[in-house]
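Step one of this worksheet: look at the structure below.
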Amino acid sequence: MKLFFTAVALTLSVAAPAWAKNFAFPQANPTATISIPDTWKTKSVEYGFEAKSPNEDVYLSIETASAKDMKKMLADNMAWMRNNKITVTGKPKENDVNLGGLQGKMQVLPAKDENGNTQIMLIYAEAGERLIFITLWASEDEQKANDKDINAIMNSIKAIQ
């Protein structure tokens with residue numbers, strides 16, 4: 001029996017770095033939940049929160065707003081792009097996506113920032129009377145390097161019914 005508990009403890013200690021922080025967003029009257037790896041840095045923002053990969057080369061924001069707040073949230077997002085010197089350089093590619101059972105759209109925008117070529121992914125889905133809005137900013141190489149975490153984050157989104 002002692003061997004069993006030692007094996008369980010060892011397994012849990014190895015698995016611990018992969019654990020994640022769980023968030024309901026927005027904090028007041030949440031629309032959905034999401035899990036972010038513990039290694040990512042997170043911070044609350046007006047309509048949700050933002051997260052950065054461990055080496056801060058991938059930026060992700062998860063926000064939600066009602067129809068009346070949508071204009072301000074989108075204006076804030078455009079101001080954020082200007083503040084980070086991100087310029088869209090081409091036409092967006094649009095795909096349908098599924099976010100935890102919510103049907104949505106994803107636009108991939110080719111862009112440039114101070115470091116060169118990058119891209120912005122804008123993902124949105126309706127959740128009742130609210131819209132979930134996700135912004136992902138990184139170069140293709142940075143996205144590929146963090147692909148496992150990004151997929152886990154996206155797959156963790158669940159609407160609160």
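All heavy atoms count here, side chains included; hydrogens, waters and symmetry mates do not.
Contacts classified as salt bridge (charged side-chain N to carboxylate O under 4.0 Å, His left out) and involving residues 59-71 (residues at least two apart or in different chains) are not found. Applying the ring pair (Phe, Tyr, Trp, His ring centres under 6.0 Å) test to pairs two or more places apart or on separate chains, those with a residue in residues 65-103 are Tyr59-Trp80, Trp80-Trp137. Residue pairs meeting the salt bridge (charged side-chain N to carboxylate O under 4.0 Å, His left out) criterion with at least one partner in residues 77-89, sequence neighbours excluded, are Lys85-Glu114. Within the structure, salt bridge (charged side-chain N to carboxylate O under 4.0 Å, His left out) contacts touching residues 120-134 (residues at least two apart or in different chains) do not occur.
Residues that satisfy the side chain to side chain contact (heavy atoms under 4.5 Å, CB included) test with Pro110, not counting sequence neighbours, are Thr89. For Lys105, the side chain to side chain contact (heavy atoms under 4.5 Å, CB included) partners are Glu94, Asp96, Tyr124, not counting sequence neighbours. Remark: Ala152 pairs with no residue by the side chain to side chain contact (heavy atoms under 4.5 Å, CB included) rule, at least two apart or across chains. Residues that satisfy the side-chain hydrogen bond (donor to acceptor under 3.5 Å, both in side chains) test with Asp57, not counting sequence neighbours, are Ser53, Asn55, Asn146. Every residue two or more places apart in sequence or in another chain that forms a side-chain hydrogen bond (donor to acceptor under 3.5 Å, both in side chains) with Asp76 is listed here: Lys72. For Asp147, the side chain to side chain contact (heavy atoms under 4.5 Å, CB included) test picks out Asn151, with sequence neighbours left out. When the salt bridge (Lys or Arg N to Asp or Glu O under 4.0 Å) test is applied to Glu142, no partner is found at least two apart in sequence or on another chain. Lys144 pairs by the salt bridge (Lys or Arg N to Asp or Glu O under 4.0 Å) definition with nothing, not counting sequence neighbours.
Pro30 and Ala24 get closest at one heavy-atom pair: CB-CB, 3.7 Å. The shortest heavy-atom contact between Gln103 and Ala125 is O-CB, 3.5 Å. The two residues Pro92 and Gln107 make their nearest non-hydrogen contact at CB-CB, 4.3 Å. Closest approach of Gln143 and Ile150 over heavy atoms only: O-CD1, 3.9 Å.
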Stepwise side chain to side chain contact (heavy atoms under 4.5 Å, CB included) test for Asp149 and Val58: CA-CA 10 Å; Asp149 283 351; Val58 176; over 6 Å; no

Criterion side chain to side chain contact (heavy atoms under 4.5 Å, CB included) on Leu60 and Ile36, from CA distance to verdict: CA-CA 10 Å; Leu60 177 77; Ile36 304 291; 4.2 Å; yes

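Contact annotation: the side chain of Phe23 never approaches that of Ile62 to less than 4.5 Å [non-hydrogen atoms, C-beta and beyond]. Residues Glu140 and Gln119 are in side-chain contact: their nearest non-hydrogen atoms beyond the backbone lie under 4.5 Å apart. By the 4.5 Å heavy-atom criterion applied to side chains, Thr33 and Asn22 are not counted as neighbours. Considering only heavy atoms from C-beta on, Leu109 stays 4.5 Å or farther from Lys93 through its side chain. Between Val45 and Ser61 there is no side-chain heavy-atom pair separated by less than 4.5 Å. For the pair Ile120/Leu136, no side-chain contact is recorded, criterion being any heavy-atom separation below 4.5 Å from C-beta on. Under the 4.5 Å side-chain criterion, counting only non-hydrogen atoms from C-beta, Leu131 is not in contact with Thr64. Inter-residue side-chain proximity for Val108 and Leu122 is flagged as unmet; no heavy-atom pair is nearer than 4.5 Å.
If you take CG on Leu99 and CG on Asn155, they are separated by 9.5 Å, rounding to the nearest 0.5 Å.
In summary, the side chains of Thr135 and Asn77 do present a donor paired with an acceptor at a separation below 3.5 Å, with no hydrogens or angles considered.
One hydrophobic cluster holds both Met121 and Leu102 under the rule that ILVMFWY side chains link at heavy-atom gaps under 4.5 Å. Both Met81 and Phe133 belong to a single network of hydrophobic side chains, linked directly or stepwise wherever heavy atoms of I, L, V, M, F, W or Y lie under 4.5 Å apart.
Using modelled atom types, one side-chain atom of Thr118 and one backbone atom of Ala138 make a donor-acceptor pair closer than 3.5 Å. For Asn84 (side chain) and Ile86 (main-chain N/O), no donor-acceptor pair under 3.5 Å exists by modelled atom type.
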